[in-house]
Amino acid sequence: MRQTFTSPPEMPDNPASPKAPRVRFAPSPTGYLHVGGARTALFNWLFARSVGGHMLLRIEDTDTERNRQELTNTIVDLLEWLGIDIDGEPVFQSDNRERHRQVVNQLLREGRAFLCDADNQRVPGNSLKDGLAVRFQVSSTQDMPATADRHVAFEDVVRGVVSFALSDMEDFVIWRSNGTPTFLLANAVDDTDMGITHAIRGEDLLPSAPKVQLIMDALGSQRPVYAHLPLLVNEKRQKLSKRRDDVSLGNWRDKGYLPQAMANYLATLGWGPPDDIEIRPMEEILELFRLEDVLKSPAFFDTKKLEHFNATHLRMLSAEDFLEQLEPWLERTAWTPEQFRPEVMEALAPLVQEKVRTLADVGRFVDWLMLDDPPRDEASWQKHIVNNPVAGAILSDAIEAFAEVEWVAEAVHQAALEVGERQGLKLGKAQAPIRVALTGRAVGPPLFQSMVLLSRDEVLRRLRLAILDSAPANLSPIS
RNA sequence: GCCCCCAUCGUCUAGUGGCCUAGGACGCUGCCCUUUCAAGGCGGUAACACGGGUUCGAAUCCCGUUGGGGGUGCCA
C-alpha cells in the first residue's frame with residue numbers, strides 16, 4: 001500500500017538501532033535561506049546526529065515552475081557551508097505528484113474528502129476532476145463520537161500536549177484546482193513515505209499540525225513526533241521576514257562571518273548548554289544537545305552577539321586556518337593581484353587575527369601595505385594631522401629618526417618612543433600622526449612590526465607626503 | 001473576532017520546590033594594561049510581568065489578569 005519515491009533516499013538503518021530516527025529539513029526552493037530556516041535545519045541536524053539518526057532534505061516545490069535544481073543548489077551549498085551534512089540526495093516534493101494524486105483519490109473514495117468548485121461549493125463525485133479543488137472533511141474524522149467535544153491532540157517535544165478542537169477547524173483544501181497538492185497533503189504523504197519519525201520545525205507551523213495529523217490518521221499512517229521550535233524574531237519581536245529583516249544566511253557569509261561562529265550562535269537561540277559555556281566547537285554542542293531541552297519562547301536574532309561569537313571563533317583559529325579562511329577575502333579587496341604581497345599578509349596575519357571581528361575587516365587592516373597610495377580616512381586625517389598642533393614636528397622628527405635607525409621593529413619602536421619624548425608625549429599619542437600618515441587610518445595592526453614590512457624608503461616617502469599634503473598654513477614642508 | 005503558543009537583566013540564557021539576598025554571556029559602563037583599538041584583564045549596571053492560590057518553603061506547581069507572538073489562503 002505504502003509507496004516510496006521513485007528515487008527514495010536509501011538509508012540503511014543503523015544495525016545497532018534498527019529504528020534510527022529520521023528527520024528532514026523541508027525548505028521551499030526559493031534559492032534563499034534565512035537564518036530562521038538555518039536554525040531549523042541546524043536543530044534537526046543536531047538532533048539527528050546526536051542520536052545516530054538520519055538527516056534528510058526535502059524541497060517543498062509544490063509549484064514546479066522555476067528552475068528547481070539551481071535554486072536548490074544555493075540551499076544545499078549554504079547548509080554545507082554551515083557544516084550541516086545531508087544523508088542521501090535531496091527529495092523533490094514535485095516528484096511525488098502521482099502519489100499525491102492517488103492519495104487524494106483514495107480520500108475522495110473513502111468519503112474523507114470532497115470536490116469543490118471555485119466558489120467553494122461542494123460538487124458531487126468521488127475522484128479527482130480537472131479544474132476542481134478537494135477539501136478534507138474534518139467532520140468525517142472517525143474513531144470518535146460525532147457529537148462529543150472532539151479534539152486532535154498530540155505531545156509536542158518542546159511544548160507538551162497541544163490540543164485543537166475539531167469544531168474550530170474548517171474543511172481545508174488538500175488539492176488545488178490547478179492540479180497541485182497543498183502543503184498540508186504533501187507534507188502528510190511525504191513524511192509518511194520518507195519514514196520521518198520526528199518533525200522538527202518552526203512554531204509558525206504549529207496550527208497546521210492538527211490538519212496534517214488528520215490526514216495521516218485517515219491514511220492510517222504513523223504520526224511522527226513533533227517538535228515546534230520557538231521562532232527567531234526581530235527587535236520588534238516579530239517573526240523574521242525576508243522583506244523586513246536582513247536575515248539572508250548568504251549575506252552573513254559574504255560579510256565575513258565564519259560558518260562555525262554562525263552555527264554556534266544559532267545553536268544558542270532557543271537552547272543553552274547546561275554548563276553556561278556558549279562559545280565552543282560544534283562537536284561539544286553535539287554531545288550536549290537534547291531536543292527536550294529546547295526553550296519555548298521566541299529569541300531575538302542579536303547581530304551584536306553574533307559579531308562577538310565571530311570575533312572569538314576567529315581568534316580560536318590556528319594561524320594556518322586563519323590564512324586559509326582568509327584566502328577568498330584577499331581577492332576582493334582594494335589592491336590588484338599584482339600588488340598583493342602574500343609574504344606580508346602571512347607575517348601580519350597573527351597580529352591582525354587578534355583584532356578583527358570579521359574576515360571582511362582584514363582588508364582594511366593591511367591594504368596600506370599593498371597599495372601605492374592608500375586612501376586616507378578623512379576624520380582620522382583631520383584629527384591626528386591637520387588639527388594636531390604637534391603633528392608636523394612629530395612627522396619631521398620621525399623622518400630623521402627613521403632614516404638612521406636599524407630597520408627592525410624593536411629599534412623603530414625605540415626611535416618612535418624618543419620622537420614622542422622630545423614632544424613630551426607618550427608613545428600612544430606620538431604614534432597617532434605617524435600611523436595616519438602611513439596607513440591613512442587611526443586604527444590598524446601594531447604599527448612598528450608592520451612598518452618594517454613596508455620598507456624604510458616607502459615609510460619616509462609617505463611621511464614626507466603627509467607633511468606636504470597637510471595644511472601649509474601651520475606646517476612647512478621640509479626637504 | 002476566533003484558535004493556538006509564549007512570559008527570568010535591554011538581549012541570549014542558567015535555574016525543573018529549599019543550593020537564588022537569582023548564575024553566565026552580549027550590550028552598555030568604570031578602572032587597568034597598551035604601539036592605535038574594533039584587542040586583553042578586573043569591576044559595575046540590570047530581571048523572576050501582575051494578582052491570587054498550593055506548600056513549612058515558589059522564579060520553579062495551579063488558576064486568573066495583562067502583555068507579546070503565531071495562525072486564521074486553492075502560501076508554505
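Note that these values count all heavy atoms, side chains included, but never hydrogens, waters or copies made by symmetry. All values derive from a computational prediction rather than experimental measurement.
Between A:P230 and A:R159 the shortest side-chain heavy-atom distance falls below 4.5 Å. Taking the side chain as every heavy atom from C-beta outward, A:Q449 and A:L453 never approach each other to under 4.5 Å.
Under a cut-off of 6.0 angstrom, the local environment of CD in A:E170 is sparse, with at most 12 non-hydrogen atoms contributed by other residues, nucleotides or ligands.
Nucleic acid contact class of A:F448 (heavy atoms, under 4.0 Å, all strands): base. Residue A:R135 is in sugar-phosphate contact alone, with no base atom involved, counting any heavy-atom pair closer than 4.0 Å across all strands shown. Contact annotation for A:P230: no contact, since no heavy-atom pair falls under 4.0 Å across all strands. Within 4.0 Å of A:G270, counting heavy atoms only, lie sugar-phosphate atoms of the nucleic acid but no base atom. The residue A:P298 sits close only to the backbone: its heavy atoms come under 4.0 Å of sugar-phosphate atoms, none of a base. A:A133 comes within contact range of at least one nucleobase, with a heavy-atom separation under 4.0 Å. The residue A:E307 sits apart from the nucleic acid: no heavy atom pair falls under 4.0 Å. Using a 4.0 Å heavy-atom criterion, one finds that A:L447 contacts the bases of the nucleic acid, with or without backbone contacts as well.
For the C1' atoms, the distance linking B:G23 with B:G15 amounts to 8 Å, nearest Å. If you take atom P in B:U16 and the same atom in B:C75, they sit 47 Å apart, rounded to whole Å.
With hydrogens and angles left out, the side chain of A:K355 and the base of B:C37 share a donor-acceptor pair within 3.5 Å.
Of the listed residues (A:F25, A:W271, A:F289), just one forms a ring pair (Phe, Tyr, Trp, His ring centres under 6.0 Å) with A:F43, and that residue is A:F289.
Using cut-offs of 30° and 60° on the angle between ring planes, the pair A:F402 and A:W407 is perpendicular.
Out of B:C37, B:G40, B:A76, the shortest distance to the side chain of A:V443 is found at B:C37. Nearest nucleotide to the A:R435 side chain, out of B:C5, B:G70, B:U35: B:U35.
Pairing of B:A25, defined by two Watson-Crick or G-U wobble distances under 3.5 Å, is identified with B:U11. Judged by Watson-Crick or G-U wobble contacts below 3.5 Å, the nucleotide B:C42 has B:G30 as its partner. The nucleotide B:A49 finds its pairing partner in B:U65, both defining distances of the Watson-Crick or G-U wobble pair being shorter than 3.5 Å. The partner of B:C74 cannot be assigned: no Watson-Crick or G-U wobble pair with both contacts below 3.5 Å exists in any strand.
Taking all atoms of both residues into account, the shortest heavy-atom contact from A:L185 to A:H100 is CD1-CB, 3.8 Å. Between A:V419 and A:I394 the shortest heavy-atom distance is CG1-O, 3.8 Å.
If A:D117 and A:P273 are placed on RNA chain B by their nearest nucleotide, the residue sitting closer to the 5' end is A:P273. Residue whose closest nucleotide on RNA chain B sits further toward the 5' end, between A:Q431 and A:E354: A:Q431.
Dashed line: the shortest gap from a side-chain N or O of A:R159 to OP1 or OP2 of B:G70 is not under 4.0 Å.
Looking at A:Q353, its side chain does come within 3.5 Å of a backbone N or O of A:L317 through a donor-acceptor pair.
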Could you run down nucleotides 21-31 of chain B 5' to 3' and tag each one B, S or - for protein heavy-atom contact under 4.0 Å? --BBBSS----
